[in-house]
Amino acid sequence: VKAHEKILRYDRSLDCVHCGLCLPACPTYQHTGKETASPRGRIYLMRAFAEGRLSETPENIQEIDQCLVCRACETVCPSGVQFGEMMEITRDLVETTQARGRLPRFFKRWFFRRILPYPRRLRLLASLLSLYRGTGLQAMARTFGLVHLLGKKQVLRDSFLPPIPALTQRSEPSIVNAAEGEQQAEVGFLVGCVAHELLPAANRAAIYVLQRNGCQVHCPASRPCCGALPMHFGDVEAARSLAQKTIESFAEDLDAIVVSSAGCAAAMKEYGRLFAEDPQWQDRAERFAARIRDFSEFLVELPLRPPQGTLTLRVAYDAPCHLLHAQRIADPPLEILRSVAGVRLVPLQGSQDCCGAAGLYTVTSPESSAALLETKMKHILEARPDAVVTLNPGCQLQLQAGAREWAPGVKVMHLAELLEQAYRPQVKIYTPE
Ligand code: SF4
Ligand code: SF4
């Protein structure tokens with residue numbers, strides 16, 4: 001498979017006609033102005049690796065790791081370059097070299113293979129982080145400059161650390177959640193791995209909204225991880241193993257599998273490609289992928305039962321890259337927001353640009369991530385919304401970190417949370433400050 005992937009990577013790079021149309025769309029190029037930090041530059045680099053003109057040294061792979069895999073370049077590319085796929089393959093191949101060093105490789109493999117597949121271990125890890133944050137350890141480490149001793153990158157990583165909800169909040173949703181009113185569909189729902197430990201309220205809201213829209217919602221007890229993180233960060237083998245477990249977790253007769261995390265839905269819609277070389281799994285993976293629906297996409301298809309409540313709110317919508325560029329879903333979230341009485345959509349400059357979350361980018365490239373977040377927050381402050389709505393947990397956490405720092409009055413929420421509030425306005429789920 002590796003040899004095949006190498007050739008594939010080379011073929012894909014030949015699709016690029018070097019027109020440069022992708023450059024203005026690329027956040028890392030916008031930020032640095034460097035050709036090497038652009039999609040075209042990165043394609044040259046990947047091609048040079050494939051042709052053996054360059055070897056994968058720590059210096060040479062820097063721009064491979066600095067890429068957000070936001071896929072904004074794919075949206076504008078006239079040649080149909082499959083940039084995301086090329087980058088996944090390249091990162092997986094780089095992983096087989098020692099270019100990233102033994103320790104980061106060890107930690108990544110440990111997290112992807114020993115933690116992500118096991119919800120209980122994830123829960124324990126989240127609880128340990130909550131101890132660090134909640135018992136004053138974090139505040140102490142900051143006050144006495146201990147975090148600063150570890151360097152600027154560590155200070156930034158520490159500032160991105162989100163509040164961890166109480167253990168009771170993170171409990172598993174019911175396995176079967178009954179439809180309200182006449183049943184329209186029977187769907188699976190991906191509860192997810194990290195997302196459920198950090199943003200369980202968004203999951204609960206999504207399940208509730210689906211029920212209100214006549215869906216019986218099944219949440220597998222195994223709580224599978226879809227494999228998007230290892231897929232994007234150089235461990236395709238771990239991604240395949242997680243994808244297999246995800247496929248096995250959902251009954252084949254469900255009408256759809258609804259996913260409220262744009263990053264996860266994008267990865268799951270591409271399972272066919274992940275198993276392209278595996279005759280045993282390919283058909284099943286493709287059939288499964290065809291049933292994946294993003295939360296907003298699914299509600300618009302149903303169609304949505306408009307909520308009765310009124311929310312007097314100025315709302316800015318920030319489009320997740322993996323919704324807009326990877327799944328090419330632009331209108332459904334806006335259509336849904338427009339259906340909520342009282343919501344006033346305010347234009348947000350750069351709403352299609354990456355916020356810097358990009359999976360584990362806050363951990364792997366905290367400085368670039370912070371720079372992109374700062375630009376995003378500047379635009380949010382200019383738009384003066386009461387709330388910013390997104391559909392991806394990574395973006396939600398990143399924007400919440402930005403709001404803590406720059407815009408404490410702005411509430412950052414998942415579209416499902418806003419809808420939940422509109423369906424039951426008598427229950428105050430949040431109060432815009
Ligand atoms: S837009 Fe497409 S073809 Fe043009 S340089 Fe970028 S990747 Fe290459
Ligand atoms: S995926 Fe995003 S960051 Fe990477 S080259 Fe394309 S536009 Fe730039």
Side-chain angles (χ1 to χ4, degrees), residues 8-51 54 60-94 228-229 231-234 236 262-263 265-267 269-270 273 318-330 350-376 390 392 394-395 398:
L8 177 71
R9 171 168 55 141
Y10 181 67
D11 284 350
R12 290 279 190 264
S13 72
L14 294 178
D15 291 342
C16 175
V17 295
H18 320 304
C19 64
L21 284 174
C22 53
L23 269 60
C26 172
T28 55
Y29 177 77
Q30 280 172 19
H31 179 55
T32 63
K34 290 190 327 197
E35 171 73 20
T36 49
S38 76
R40 188 171 59 184
R42 290 188 173 115
I43 290 168
Y44 269 127
L45 192 60
M46 291 191 262
R47 191 167 165 175
F49 288 154
E51 288 175 343
L54 269 183
N60 291 343
I61 65 159
Q62 265 181 24
E63 290 303 346
I64 298 295
D65 287 347
Q66 285 288 312
C67 174
L68 296 145
V69 202
C70 67
R71 297 169 66 174
C73 44
E74 282 185 26
T75 302
V76 295
C77 175
S79 296
V81 168
Q82 300 294 302
F83 191 91
E85 181 183 357
M86 284 170 64
M87 192 49 89
E88 274 164 27
I89 295 166
T90 302
R91 285 184 170 176
D92 191 48
L93 286 167
V94 167
L229 282 177
M231 201 190 282
H232 294 151
F233 286 88
V236 172
K269 284 180 178 180
E270 293 180 359
R273 172 164 67 71
D318 192 52
C321 300
H322 281 89
L323 192 65
L324 187 61
H325 304 303
Q327 297 182 65
R328 305 287 163 98
I329 293 175
S351 62
Q352 74 288 0
D353 293 340
C354 183
C355 62
L360 295 173
Y361 201 71
T362 49
V363 179
T364 57
S365 306
E367 285 160 319
S368 307
S369 176
L372 291 168
L373 178 60
E374 194 171 344
T375 307
K376 179 68 76 184
T390 181
N392 189 51
C395 309
Q398 175 84 334

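Remember, predicted model here, so these are calculated numbers, not experimental data. All ligand and atom numbering here is 1-based and tracks the order in the structure.
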- Task: Please confirm if an N, O or S atom belonging to Cys73, backbone or side chain, lies less than 2.8 Å from atom 4 (Fe) of ligand 2.
- Result: no

- Query: How long is the gap from CG on Leu372 to CD on Gln30, to the nearest 0.5 Å?
  - Reply: 8.5 Å

- Query: Quick one: does NZ or CZ of Arg71 land under 6.0 Å from the six-membered ring centre of Phe83, within 45 degrees of the ring axis?
  - Reply: no

- Message: Taking 4.0 angstrom as the limit and counting only heavy atoms of Val17, give me the atoms of ligand 1 inside it, by number and element.
- Response: 3 (S), 8 (Fe)

- Is Cys67 close to Arg91 at the side-chain level, that is, under 4.5 Å between some pair of heavy atoms? yes

- Distance-only donor-acceptor check, side chains Gln398 and Ser369, under 3.5 Å: yes

- Query: In Å, rounded to the nearest 0.5 Å, how long is the span from CD1 of Ile43 to SG of Cys22?
  - Reply: 6.5 Å

- Message: At under 4.0 Å between heavy atoms, is it the side chain or the backbone of Tyr29 that contacts ligand 2, or both, or neither?
- Response: neither

- Task: Among all protein heavy atoms, pick out the one at the shortest distance from atom 2 (Fe) of ligand 1; state its residue, atom name and that distance to 0.1 Å.
- Result: Cys77 SG, 2.3 Å

- Specify whether an N/O/S atom of Cys70 falls short of 2.8 Å from atom 2 (Fe) of ligand 2. yes

- Message: How far is atom 5 (S) of ligand 1 from the closest protein heavy atom, and which atom is that?
- Response: Gly20 N, 3.2 Å

- What do we get for Ser79 next to ligand 1 when only non-hydrogen atoms under 4.0 Å count, side chain, backbone, both or neither? side chain

- Which heavy atom of the protein is the closest neighbour of atom 3 (S) of ligand 2, given with residue, atom name and distance? Leu68 N, 3.5 Å

- Task: Starting at SG of Cys354, measure out to NE2 of His325 and round the result to the nearest 0.5 Å.
- Result: 8.5 Å

- Item | Gap separating the OG1 atom of Thr36 from the CG atom of Asn60, nearest 0.5 angstrom | 11.0 Å

- For atom 6 (Fe) of ligand 1, closest protein heavy-atom neighbour: Cys22 SG, 2.3 Å

- Query: Looking at His18, which atoms of ligand 1 are within less than 4.0 Å of one of its heavy atoms?
  - Reply: 5 (S), 8 (Fe)

- Message: Show me which atoms of ligand 2 lie under 4.0 Å from any heavy atom of Arg42.
- Response: 3 (S), 4 (Fe), 5 (S), 8 (Fe)

- Note on the structure: the protein heavy atom lying closest to atom 4 (Fe) of ligand 2 turns out to be Cys67 SG, 2.3 Å

- State the CD-NE2 distance between Gln327 and His322, to the nearest 0.5 angstrom. 9.0 Å

- Which residue and non-hydrogen atom of the protein lie closest to atom 8 (Fe) of ligand 2, and at what distance in Å? Cys26 SG, 2.3 Å

- Note on the structure: Contact region, Ile43 to ligand 1, non-hydrogen atoms below 4.0 Å, reads side chain

- Query: Rounded to the nearest 0.5 Å, how far does SG of Cys26 lie from CG of Asp353?
  - Reply: 10.0 Å

- Query: Regarding Arg42 and Thr90, is there a side-chain donor-to-acceptor distance under 3.5 Å anywhere?
  - Reply: no

- Any non-hydrogen atom of Pro78 lying under 4.0 Å from ligand 1? yes

- Hey, which atoms in ligand 2 end up nearer than 4.0 Å to a heavy atom of Arg71? 1 (S), 2 (Fe)

